[in-house]
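Have a look at the structure below, then the notes.
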Amino acid sequence: MPTALITGITGQDGSYLTEQLLDRGYTVHGLVRRTSNTVRTRLDPLFHNKGVYNKSLFLHYADLDDATTIRRVLVKTQPDELYHLAGQSHVGASFDIPESTCQFTAMGTLKLLEILRDLEKQPRFLHISSSEIFGRPDEFPQHEHTPMRPVTPYGVAKTFATQMVQLYRESFGLFACNAICYNHESPRRGESFVTRKITKAAAEISLGLNDEIVLGSLDGRRDWGSAPEYTTAMHLMLQQDAPDDYVLATGKTHSVEEFLDAAFRSVGLKYKNHLKQNPKYMRPAEVTRLVGDPTHAKQRLEWTPTTTALELAKQMTAADVESLK
Ligand code: GDP
């Protein structure tokens, strides 16, 4: 049975990918940062009662900038597939902490590629790239060959990492792929992202636990898809005959306001009665109209995204109501 190693296993995508790989019979190893907090809010509820820890799911302590430890884990676990999901993933935060964003997102990826280059048994490698690499593009929708023109520190760091993956594939023959992911959401999305912030507030207000939501600009448009559908595609990418890059997107955009409206409506509320806006949540620079063209993934991976942004708004609000009850 195949073995996978996942960086960022405690995140939204890591938790879905782990579930999917365990269901397929994989042995899964995950890298986790050593912090004083040993509660893993996404993994523990899923796996503690299933008896998989230290049987088919193993966690290893390693920071992304600790190349020696990562090399040791790779040599010891001999994975067939390496999914690199880790990194500071918040675009807004990347303006406040650009150096550490680049340290982990850009250099962290290069360090992994350098380790892989030296390994005798090289795992197939997947890097989670981002639509932020396109920044302010000239073409709509964007596809795998759209020029990268990032406008945020996170986008710049992801561009570096994405191009390094291409370079190591072409120059050193690594089986290395980029999943160029547009925003993908779920009930497990971190609460600082606008979708989850909205659905949690809608749930709280509907239950009388809160009365307002404070947001920045409502005009931003995003191509929002469903996280578990995107992790399914990530797995498919590493099952192909040859490595390649794939855009994962729905091809449709919605504004923050439309998402807000759908979430509040789903619990019988009007968002206008509860909204406050604060410049604190506005970005120094915004990507304008990012929308992805998933044709390549549809054709090669036979993958089709099905959940729409407005369905996600409903599902995520319902999940937040359920967990608050
Ligand atoms: P990302 O920027 O695409 O990674 O995703 P976010 O969920 O962080 O932000 C999506 C959009 O929501 C952007 O256009 C933000 O400017 C907008 N937005 C408006 N208010 C907020 C807020 O309070 N928090 C966040 N995170 N985004 C907000």
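Just so you know, these numbers come straight off a predicted model, no measurement behind them. Whatever order the structure lists them in is the order used to number ligands and atoms, beginning at 1.
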Would D44 and Y53 count as a side chain to side chain contact (heavy atoms under 4.5 Å, CB included) here? Give the steps. CA-CA 10 Å; D44 289 346; Y53 272 129; 3.0 Å; yes
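- Ionic pairing of E114 and K111 is not present here: no N-O contact between side-chain nitrogen and carboxylate oxygen is shorter than 4.0 angstrom.
- Close N/O approach between R222 and ligand 1 is found [any backbone or side-chain N/O within under 3.5 Å].
- Between F264 and Y271, the two ring planes are perpendicular [angle over 60°; tilted spans 30° to 60°].
- Close contacts of ligand 1 with V256, meaning ligand atoms under 4.0 Å from a residue heavy atom, involve 11 (C), 12 (O), 17 (C).
- Under the 4.0 angstrom criterion for non-hydrogen atoms, H90 is in contact with ligand 1.
- Under 4.0 angstrom from ligand 1, the non-hydrogen atoms of N183 all belong to its side chain.
- Heavy-atom proximity to G216, at under 4.0 Å, picks out these atoms of ligand 1: 19 (C), 20 (N), 21 (C), 23 (O).
- Note: no N/O pair closer than 3.5 Å links F193 and ligand 1 by distance alone.
- Distances from atom 7 (O) of ligand 1 to the heavy atoms of V91, D223, T152, V194 put V194 nearest.
- Counting only distance, with no hydrogens or angles, the side chain of W303 and the backbone of P294 share no donor-acceptor pair below 3.5 Å.
- Looking at T109 and H84, their side chains do bring a donor and an acceptor atom within 3.5 Å of each other.
- The shortest heavy-atom distance from G92 to ligand 1 is not under 4.0 Å.
- Geometric assessment of K76 against the ring of F58 yields a negative cation-pi assignment under the 6.0 Å and 45° thresholds.
- The shortest N or O to N or O distance between E132 and ligand 1 is not under 3.5 Å.
- Taking only non-hydrogen atoms, the option from R189, E185, K197 nearest to atom 22 (C) of ligand 1 is K197.
- Remark: R196 fails to qualify as a cation-pi partner of F193 under the 6.0 Å distance and 45° angle criteria applied to the six-membered ring.
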